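None of these values were measured; they are calculated from a predicted model.
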Number of protein chains: 2
Amino acid sequence: MFPGTMMDEPLLLKSIVERAEAMFGDQTLVSYTDDGPTEMTYAELVSRVRRLASALVKQGIGVGDRVATFAWNIREHLELYLAVPSIGAVLHPLNIRLHQSELSFIMEHAGDSMVVMEDRLADRLPRPGDHVREVVIGGAVAGRPEALAYEELIESGDPDFEFPRIPEHSACTMCYTGGTTGSPKGVVYTHRSTVLHTILESLPDYYGIRESDVVVPFVPMFHANAWGLPYAALMTGAKLVLPGAVTAPEKIAQMLSEQRATFAAGVPTIWHGVGELRELPDLSSLRMVVAGGAPLSEAFLKRYDELGIPVIQGFGMTEANPLLAVGGVPARSKAQGEELLRIRQSQGRLLPFVDFRIDEASGGELQLRGPTIAAGYYNAPEVTSEKFTEDGWMRTGDVAEVSPEGIVRIVDRTKDLIKSGGEWIPSVELEDAIVSHPAVNEAVVVAVSDARWGERPAAFVVLRPDARLDAEELRAHLAERVAKWWIPDLIEFTDAIPRTSIGKLDKKVMRVRAAEVVDRRQASPEGREPDTVTATKEKQER
Amino acid sequence: MFPGTMMDEPLLLKSIVERAEAMFGDQTLVSYTDDGPTEMTYAELVSRVRRLASALVKQGIGVGDRVATFAWNIREHLELYLAVPSIGAVLHPLNIRLHQSELSFIMEHAGDSMVVMEDRLADRLPRPGDHVREVVIGGAVAGRPEALAYEELIESGDPDFEFPRIPEHSACTMCYTGGTTGSPKGVVYTHRSTVLHTILESLPDYYGIRESDVVVPFVPMFHANAWGLPYAALMTGAKLVLPGAVTAPEKIAQMLSEQRATFAAGVPTIWHGVGELRELPDLSSLRMVVAGGAPLSEAFLKRYDELGIPVIQGFGMTEANPLLAVGGVPARSKAQGEELLRIRQSQGRLLPFVDFRIDEASGGELQLRGPTIAAGYYNAPEVTSEKFTEDGWMRTGDVAEVSPEGIVRIVDRTKDLIKSGGEWIPSVELEDAIVSHPAVNEAVVVAVSDARWGERPAAFVVLRPDARLDAEELRAHLAERVAKWWIPDLIEFTDAIPRTSIGKLDKKVMRVRAAEVVDRRQASPEGREPDTVTATKEKQER
């Protein structure tokens, strides 16, 4: 090999911290507490981060040790985001919305050495094993007498602490993803992957983060690195506003207005709430609102167009550090009307250096490869071999189309494809056809096993308030819209469809329910279950 | 070490080529020839690049082999920029403005296996050794009967050729830098350094390259990768306009206007020419003009302000892949008037992941470290040990100040600091004091050896047309402005100060001239040389 003559300098998160200190020391960090916003400069922040890093080392936290966090988007959480990876330890944010049994499983599986919790969240966190050191942000909490106080920890540290130089492939953060099947699975990001992700997402055609921005991540810091926004803000010198535990739409709108926010990100649920407010404060400072984690509806996009707030879809996954694409409209697109709307509802263009292929053998699955993509799950060989191909690609589980302009459009989940008599039935298209009936509010289609056809579709349907519909009427509606063999044998009306902790319709639960219905039907003497539709119909009609 | 679970995917330039094909296939490349602009889509371009890559492999060009180019900014040069690194070979653009003896030295030193030249430049290129294959773009040229025709080479290639996967530390490009001392020195960029440079320079607060841009690099492709702009345009899907051999200001202005250019880059000389045109076409599409390679004068900035064209200083060096900073004004700056002007004349903020330190022992030298910075020169251990510190930093040779906002301001070259009686005299400040005299047009101050003081300053001064000034008058002017011991003992009036091939005042030549003057003086019986000033003064007064 002809040798290059460039420095072999590692890509490390500490460079982002050092840069914020050297170049943006007078920039402001705003952090909302229950008493309102508090401010601190980046110079003060980094001084505390150096203290914290030093204190963690004194506490025996070493390279590769996992430090869990259990907190909202508060300043202390940011300090941990910066300090823990900068000493070579591994930040492990725990999702505060998980069940205690899941939290116990995850902390045990990750092998956490320390957990730092917010005082007001302490009662949601199960007691970890004795080897796990507990630290509490805020006041002392009952039942944890041995816990260290976070501020005392900081005070014990050295503000001149120098961050060590470590290899760029070192772990920096660990995130568990629930998905909709099986045990939670851990992805371990590296300094390299996170640095590359931070730079790539800050490019102009993606988040375009710049020094003049005021960035407000409503996406929780316990969700996939808060989509990388804390790191992007520090690297570019943008002002960062941490919203604390706020979730009420009117408070979100007020915060965005009073901070003159330019960039905000959160799940669609949050933005739905803001969009439905009767009165909105001045939000003209917003140049980009990212709604990510679930598809955007036409009604939602139209509402934000009316409000004059530029909203865009973000597409990512825990396994991708997490951003993969934003649903912007290509610069040269001449699309209008329905076509334009379709592009805006698409997942968008993949980040540079994220390679893709469409695997026809899996029904058109989108598969990914790149330096910001996971190669496997931590200590979970079986699920790793399911999720990753032998030739080095990650299976997204999404059935996707890619336009000639490189716009990725997810049309289904591979799991939600129903293979009936050797042919694929896309559950999402079938759901769309059901929802197109004026009486229907929401619908989920899942596969049920079938001795003859392999799989058959089963539909769960939520009607609009005061609407009436029976299964035969719905079948007649579908007959005009989809192939005859797509029409579900089992249609069940229900009051609500459960959602996952991140707001997606929970198909896992519905698959179990559908199987139970089928079992009941097979157990009945007639071999059918005539009550199913009727019973729920009666319920609807009460 | 706790293992990360991310893919170990290399950062390769081929990803940029593949992305341009998959996502921006309908984007347009414009290339100006003597007959005007020609167009091609990125899909057509990449098809030719695949053919070229395949053909090069068939010609025996392997991983690590150097392929030299000798061409203006034309489409074929871009094809080589993309194809040569994508097969793992090393692109080696030769500066067409160098002397034949320098070109021979460089080709021999680099060990080029092939050289691809533009027909109209062929007579400037010396015959390489017999082992070097010659390829000619355009028509056949006299005296090179064995040369391959470029288009025939392309035709022999396979449009479905797949680029190989190579390690990211593989060499991709080689650039020689003349500097102002010694033999040309080669820097060998790697895929990793070039990919990182491409992403970093495209960030919003730097070049901010995006899909909606129309990018016109006037900076030659034989200068430090054309500042990375061809790769940035392909990665982001921006439209790229290659201006060919154009240098006339009116043609440049016309090209920018007819292409509705948004981003253009070149040395200040070019933009001076455009700014001095009597009439300008509509240039309202320009969002950023980068002038790099030499400092920007106040008059220049004011002229562009009047024209309403946003011009910004670019700061880089061959050893830095090459961009280091752009001289933008920080978002939160409240600077106005003179202070604002001073910031705009500064070199600006360093790119993320470029670390710096100011080495007081070298008189305040700016030293750099990072993944886009060279660690040494190719096969030149002596000059490498001079230019790079033992603890892993690159010596820029620039004396710099860094403001609390991270704005780098170069105040001198370390070589141009004069150490007199143990104290530093900054030559640039002394030059500024000389030029502040209304009769002076230009001045250069260099060090001459002095038995008593170690070094003393010597000044070469060019007067304005029809102006008159003698050394004593100038000394009186200086006495009011600088310390007495700064005032040069030797002041020589001259008609012109030579410039280097890239337009900088050539201090190397002036140092030699100053030494000659001192030698003559010491050889004269009086131990002084009273003629020096008088002679040139008479010449000026003629």
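Of the atoms belonging to Tyr206(B), it is side-chain heavy atoms, and not backbone ones, that fall under 4.5 Å from chain A. Contact annotation for Gln27(A): both backbone and side-chain heavy atoms come within less than 4.5 Å of a heavy atom of chain B. Heavy atoms of Val187(A) lying under 4.5 Å from chain B belong to its backbone as well as its side chain. There is no contact between Glu21(A) and chain B, counting heavy-atom distances below 4.5 Å. In this structure, the portions of Pro352(A) lying under 4.5 Å from any heavy atom of chain B include both its backbone and its side chain. If you measure heavy-atom distances from Thr372(A) to chain B, the contacts under 4.5 Å come from the backbone alone. Heavy-atom distances place the side chain of Phe356(A), and not its backbone, under 4.5 Å from chain B. Contacts of Pro10(A) with chain B are made by backbone atoms alone, with heavy-atom separations under 4.5 Å and no side-chain atom involved. In this structure, chain B has no heavy atom under 4.5 Å from any part of Ile166(A). In this structure, chain B has heavy atoms under 4.5 Å from both the backbone and the side chain of Met394(A).
Closest non-hydrogen pair, Phe2(B) versus Gly64(A), comes out as CB-O, 3.4 Å. When all heavy atoms of Leu368(B) and Met7(A) are compared, the closest pair comes out as O-CE, 3.5 Å. The two residues Ser202(B) and Pro204(A) have their closest heavy-atom pair at O-CD, 3.1 Å.
Thr5(A) places no side-chain N or O within 3.5 Å of a backbone atom of Tyr378(B) that could act as its donor or acceptor partner.
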Side chain to side chain contact (heavy atoms under 4.5 Å, CB included) evaluation trace for His169(A) with Asp8(B): CA-CA 9 Å; His169(A) 286 285; Asp8(B) 189 15; 3.2 Å; yes

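Taking the side chain as every heavy atom from C-beta outward, Ile209(B) and Leu203(A) never approach each other to under 4.5 Å. Using a 4.5 Å heavy-atom cutoff, the side chains of Pro371(B) and Leu11(A) are in contact. In this structure, Arg19(B) and Asp355(A) have side chains that are not in contact, with every pair of non-hydrogen atoms separated by 4.5 Å or more. With contacts defined as side-chain heavy-atom distances shorter than 4.5 Å, the pair Phe24(A)/Arg332(B) qualifies. Between Met6(A) and Thr194(B), every side-chain heavy-atom pair lies at or beyond the 4.5 Å cut-off.
Glu18(B) has no carboxylate O lying under 4.0 Å from a charged side-chain N of Arg369(A), or vice versa, which leaves the two without a salt bridge.
Between chain B and the residues Leu350(A), Asp65(A), Thr236(A), the largest count of heavy-atom pairs under 4.5 Å involves Leu350(A). Contacts with chain A were tallied for Asp205(B), Val402(B), Thr190(B); Asp205(B) has the most, counting heavy-atom pairs under 4.5 Å. Highest contact tally toward chain B, considering only Pro167(A), Ser403(A), Gly370(A), Ser193(A), is held by Gly370(A) [criterion: heavy-atom pairs under 4.5 Å]. In terms of non-hydrogen atom pairs under 4.5 Å with chain A, the most contact-rich of Arg192(B), Met235(B), Lys239(B) is Arg192(B). Between chain B and the residues Gly111(A), Ala375(A), Ala238(A), the largest count of heavy-atom pairs under 4.5 Å involves Ala375(A). Comparing Leu12(B), Asp26(B), Val90(B), Val63(B) by heavy-atom pairs within less than 4.5 Å of chain A, the highest count is held by Asp26(B).
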